[in-house]
Structure formats: C-alpha cells, structure tokens
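Working notes for the structure below.
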Amino acid sequence: MRIFSILCCALAALSLCGGYVNQELLWSETFDAPESLAKWNNAAVAEYLPVGGEKGGGAVAFRVKNAGGTRWINLPLDPAKVNGLIQLEAVVRGKDLLQGKKVYLGPKVMLAVKSPKGTRHPEPERRFGTYDWRKISFIEQLPTDVETITLSLGIQEGQGE
C-alpha cells in the first residue's frame with residue numbers, strides 16, 4: 001500500500017508544498033517564487049503573494065468578489081505513483097468565505113480521481129467565514145484502477161478570499 005501525502009501552505013483558499021509516496025518525496029513546492037505556479041493549469045486565476053504565507057513566506061490567493069464565482073488551479077498527478085491510501089493535508093486561511101448553492105461548493109483542496117467506475121472528488125471538510133491559518137486533512141483509499149488524478153486548489157462557485 002502506498003501512502004501519498006501532500007503538505008500545503010496557503011492563503012485564502014490554498015497552495016502547495018510537497019507530495020510523498022512511502023515517505024519518498026514526489027515533488028515539493030513552497031510558493032516562494034511566482035514561477036511556482038508555472039506547472040499548474042489555469043494559474044492566471046491565482047494571485048501570487050511574495051509574503052503572507054503561514055510563516056511569512058510566499059502564498060497563493062484566490063479572490064472571488066461575486067457570489068457563485070470560481071477561481072481554481074489544477075495539477076495533474078501521475079496515477080501510477082499515487083494508488084492505495086492517500087493522505088492530503090493543507091494549511092489554509094480564509095476571509096469572508098461563503099458556501100455556494102450546493103453543499104460541496106466553496107473553498108477547495110480537492111482531488112478528482114477518475115476510474116472506469118466514475119469520478120470521485122475527495123476533499124477535507126470546508127470551513128466558511130474568516131479564520132486564521134489552520135491545518136485541514138483527509139485520508140482516502142484510492143481504487144486500484146485509477147486512470148487520472150488531479151489536485152485542485154481554489155474556490156468553486158463560492159465567494160470570498
């Protein structure tokens with residue numbers, strides 16, 4: 001069984017630091033430089049902040065001013081490296097975050113896991129309102145036949161920062 005852990009540090013909705021399988025580092029990102037967003041799809045919707053992260057370092061912000069707006073970035077992961085038990089952790093901060101029209105909408109640290117049986121979207125419990133830095137996490141057993149897996153960070157059909 002492989003264990004995959006993503007450690008994140010973020011502002012507003014989220015950002016990312018590293019990923020591990022069986023304690024082997026798969027990748028690492030501190031968001032301490034604007035170039036750190038280069039590998040993410042849709043990176044133009046994220047705002048890079050050179051300071052403001054949990055410990056004063058860099059962070060990525062997502063700002064949605066109107067209800068029902070979406071701003072998120074996506075990073076495809078190699079499904080061959082992330083099967084079995086997966087652990088996702090993030091450090092997040094929020095400001096005036098509102099839930100969307102459905103219970104699963106709002107701030108996101110989410111995986112999209114596609115297999116022949118369909119697509120699942122595991123994610124940690126969301127928190128709304130305004131709050132300082134806090135850790136969120138979840139553990140998920142992935143199917144053995146994962147075709148694609150994508151990490152998404154941001155705000156989906158919600159409002160806030």
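Throughout, residue positions are numbered sequentially from 1 according to the sequence presented.
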field: Main-chain N/O of E35 paired to Y48 side chain as donor or acceptor, under 3.5 Å
entry: no

statement: What one should report as the nearest heavy-atom pair of V146 and P79 is CG1-CB, 3.7 Å

message: Applying a strict under-4.5 Å side-chain criterion to I, L, V, M, F, W and Y, I'd like to know whether F128 and I155 cluster together.
response: no

- prompt: Among R71, R63, R93, which one satisfies side chain to side chain donor-acceptor pair (under 3.5 Å) with E161?
  reply: R63

task: Give the minimum heavy-atom separation between L49 and A61, together with the two atoms involved.
output: CD1-CB, 3.8 Å

- prompt: Is there a side-chain contact between T119 and V113 (heavy atoms, below 4.5 Å)?
  reply: no

query: How long is the span from the CG atom in L75 to the CG atom in L153, to the nearest 0.5 Å?
result: 8.0 Å

- prompt: Between R127 and P107, is any pair of side-chain heavy atoms under 4.5 Å apart?
  reply: no

query: CD of E123 to OG of S137: how many Å apart, nearest 0.5 Å?
result: 13.0 Å

task: Without swapping roles, check the side chain of Q159 against the backbone of A67 for a donor-acceptor pair under 3.5 Å.
output: yes

task: Using a 4.5 Å cut-off on heavy atoms from C-beta on, say whether the side chain of L37 contacts that of V60.
output: yes

field: Minimum-distance pair of heavy atoms, taken over all atoms of R120 and L142
entry: NH2-CA, 4.4 Å

Under 3.5 Å: donor-acceptor pair, side chain of S115, backbone of P143: no

- request: Using the side-chain contact (heavy atoms from CB on, under 4.5 Å) rule, pick out the option among E54, R134, K55 that qualifies with V91.
  value: E54

field: Over all atoms of both residues, closest heavy-atom pair of P124 and I136
entry: CG-CD1, 3.6 Å

- line: Between G52 and A59, the two heavy atoms sitting closest are C-CB, 4.3 Å

field: Stepwise side chain to side chain contact (heavy atoms under 4.5 Å, CB included) test for L97 and F62
entry: CA-CA 11 Å; L97 286 168; F62 303 90; over 6 Å; no

query: How about Y104 and M110: do any of their side-chain heavy atoms sit closer than 4.5 Å?
result: no

field: Donor-acceptor contact present, side-chain N42 to main-chain I73, <3.5 Å
entry: no

task: Would you indicate whether the side-chain heavy atoms of T150 and L77 approach each other to under 4.5 Å?
output: no

message: Checking the side chain of T70 only, and the main-chain atoms of E157 only, is there a donor and an acceptor separated by less than 3.5 Å?
response: yes

- prompt: Is it the case that one hydrophobic cluster holds both L98 and W72, taking links as side-chain heavy atoms less than 4.5 Å apart, direct or via other members?
  reply: no

